[in-house]
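Model, not experiment: these values are computed from the prediction.
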Amino acid sequence: GDYETILLDRSGRVGLITLNRPKALNALNSAVMREVIDAVAGLDADPGIGAIVVTGSEKAFAAGADIKEMADLGFADVHGRETFSGWDALTRARTPIIAAVAGYALGGGCELAMMCDMIIAADTAKFGQPEITLGVIPGMGGSQRLTRAVGKAKAMDLCLTGRQMGADEAERAGLVARVVPAAELLDTAMAAAGTIAGMAKTTAIMAKDAVNAAFETTLAEGVKTERRIFYSTFATDDQTEGMAAFIAKRKPEFNKS
Ligand code: HXC
């Protein structure tokens, strides 16, 4: 499509969405929301795409929701328009999504990264929920996803003081999957996405669903959910192919049907 605030590229079976409002440090206004959601929906519906990377610039993944767009809103505006709830669509995408984060991931930017399935961070990444410094609180899931990711201690610290957390602290705390030198961020994220996209898409969706179940339910229910999904992998051609390929000592050819 013709996007104004993002760039959309493809590399093999990987879709790449680059937030592109450099003058505003990729602040997430309603156009960015509309365009990211539209691009993700298009990639998600494409059987030729097996993984998606969302990234920003060297300086900022995203410095938050667009403060200039929000400043004059009142309760009735945000409540009536369900401002920001459109982002929830991202969490309904079935294709695995990697956030590749360099520089600022603040407020809505941190929340957007946390809506993705995993975060790969440059050593320059800075995560924070500074909403309180503006007289508001996180509104795109930050108080919930950050707490589940890093626990109450650090989530409270970040949400109450507004301080930023560097890449190493974020990795120690369990928010990010990997930290790499900034110059290697995009290559690393694209390579990880390429690896995922080389797996059977059906199975990748099942794996993602199983892990996500851990955040929605009790351990006993989650284990039952996992087992049902595990059994159903045996109904796929990809299970037949994957195991036959292992035994024949050749590479599997997934995604054939
Ligand atoms: C709108 C923003 C912005 C934002 C930066 N800019 N962040 N515009 N919304 N969130 C704009 C600045 O106004 C400035 O525009 C330009 O981007 C460059 O930013 P500077 O501040 O000059 O850059 P720098 O001095 O390097 O400081 C970087 C920064 C700072 C520390 C990241 O920009 C900052 O604190 N930004 C706000 C961070 C924040 O509070 N985010 C949370 C937002 S609330 P001009 O035109 O002056 O050049 C939120 C709510 C989520 O996200 C809840 C959703 C429901």
Side-chain angles (χ1 to χ4, degrees), residues 1 8-17 36-55 85-100 111-120 140-141 144-145 147-149 174-178 187-257:
L8 176 58
D9 298 290
R10 283 156 178 263
S11 169
R13 289 175 50 79
V14 176
L16 172 63
I17 296 172
V36 170
I37 295 307
D38 185 76
V40 167
L43 293 168
D44 198 35
D46 184 344
I49 291 291
I52 298 169
V53 172
V54 178
T55 196
S85 67
W87 283 110
D88 295 347
L90 201 70
T91 66
R92 292 191 290 272
R94 306 179 82 206
T95 311
I97 305 179
I98 297 175
E111 295 174 291
L112 171 58
M114 292 190 294
M115 283 184 196
C116 299
D117 298 303
M118 62 190 259
I119 300 175
I120 297 180
M140 286 163 53
Q144 306 304 299
R145 290 196 181 90
T147 308
R148 281 169 158 78
L175 180 63
V176 311
R178 313 182 197 175
D187 284 351
T188 305
M190 291 301 283
T195 299
I196 295 167
M199 306 298 174
K201 185 167 184 180
T202 310
T203 318
I205 291 170
M206 289 174 171
K208 164 171 164 165
D209 284 349
V211 174
N212 278 333
F215 293 94
E216 302 287 353
T217 188
T218 62
L219 178 61
E221 273 310 311
V223 169
K224 266 192 230 163
T225 299
E226 179 194 77
R227 194 139 311 142
R228 278 193 294 268
I229 301 174
F230 169 72
Y231 292 151
S232 68
T233 61
F234 285 78
T236 66
D237 294 341
D238 296 307
Q239 175 268 334
T240 310
E241 168 61 11
M243 294 192 180
F246 176 84
I247 290 164
K249 300 185 188 296
R250 61 172 174 82
K251 277 191 147 186
E253 286 184 60
F254 289 133
N255 301 304
K256 305 242 321 188
S257 50

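Residues R145 and T91 meet the side-chain proximity criterion, which asks for heavy atoms closer than 4.5 Å. Contact annotation: the side chain of T188 approaches that of R178 to within less than 4.5 Å [non-hydrogen atoms, C-beta and beyond]. Counting heavy atoms from C-beta on, the side chains of F215 and Q144 never come closer than 4.5 Å. Proximity of D44 to I97: side-chain heavy atoms (C-beta onward) are nowhere separated by under 4.5 Å. Looking only at side-chain heavy atoms (C-beta outward), I196 and I98 come within less than 4.5 Å of each other.
Minimum interatomic distance between P252 and G242 (heavy atoms only, all atoms of both residues): CB-CA, 4.2 Å. Closest of all the heavy-atom pairs between A93 and K208 is O-NZ, 2.9 Å. Residues G50 and K201 come closest through the heavy atom pair CA-CD, 4.4 Å. Between A100 and V53, the shortest heavy-atom distance links the atoms CB-CG1, 4.1 Å. Here the shortest heavy-atom pairing between A204 and P96 reads CB-CG, 4.2 Å. In terms of heavy-atom proximity, I119 sits nearest to A113 at CG1-O, 3.5 Å.
Atoms OG1 and CZ, from T233 and R228 in turn, are 14.0 Å apart once rounded to the nearest 0.5 Å. Rounded to the nearest 0.5 Å, atoms OG1 (T202) and CZ (R94) are 8.0 Å apart.
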List the steps and the verdict of salt bridge (Lys or Arg N to Asp or Glu O under 4.0 Å) for R250 and E241.
CA-CA 10 Å; R250 61 172 174 82; E241 168 61 11; 2.7 Å; yes

Hey, mind stepping through L175 and M114 against side chain to side chain contact (heavy atoms under 4.5 Å, CB included) and telling me if it holds?
CA-CA 8 Å; L175 180 63; M114 292 190 294; 3.7 Å; yes

Pair E216, T225 - check side chain to side chain contact (heavy atoms under 4.5 Å, CB included), show working.
CA-CA 11 Å; E216 302 287 353; T225 299; over 6 Å; no

List the steps, then state whether side chain to side chain contact (heavy atoms under 4.5 Å, CB included) holds for D237 with K256.
CA-CA 8 Å; D237 294 341; K256 305 242 321 188; over 6 Å; no

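The backbone N or O of Q239 lies less than 3.5 Å from a partner atom in the side chain of T236, making a donor-acceptor pair. When atom types are taken as modelled, the side chain of E226 and the backbone of A210 share no donor-acceptor pair closer than 3.5 angstrom. Looking at E111, its side chain does come within 3.5 Å of a backbone N or O of G141 through a donor-acceptor pair. Checked by atom type and distance alone, the side chain of R13 pairs as donor or acceptor with a backbone atom of P47 at under 3.5 Å. Put simply, the side chain of D238 never gets that close to the backbone of F254: no donor and acceptor are under 3.5 Å apart.
The ring-ring contact (aromatic ring centres under 6.0 Å, His included) search around Y231 returns none, not counting sequence neighbours. A search for side chain to side chain donor-acceptor pair (under 3.5 Å) contacts involving E221 returns K224, not counting sequence neighbours. D9 is linked by a side chain to side chain donor-acceptor pair (under 3.5 Å) to nothing, counting only residues two or more places apart in sequence or in another chain.
For the pairing with L43, the side-chain contact (heavy atoms from CB on, under 4.5 Å) check across I17, L16, T95 returns one residue only, I17.
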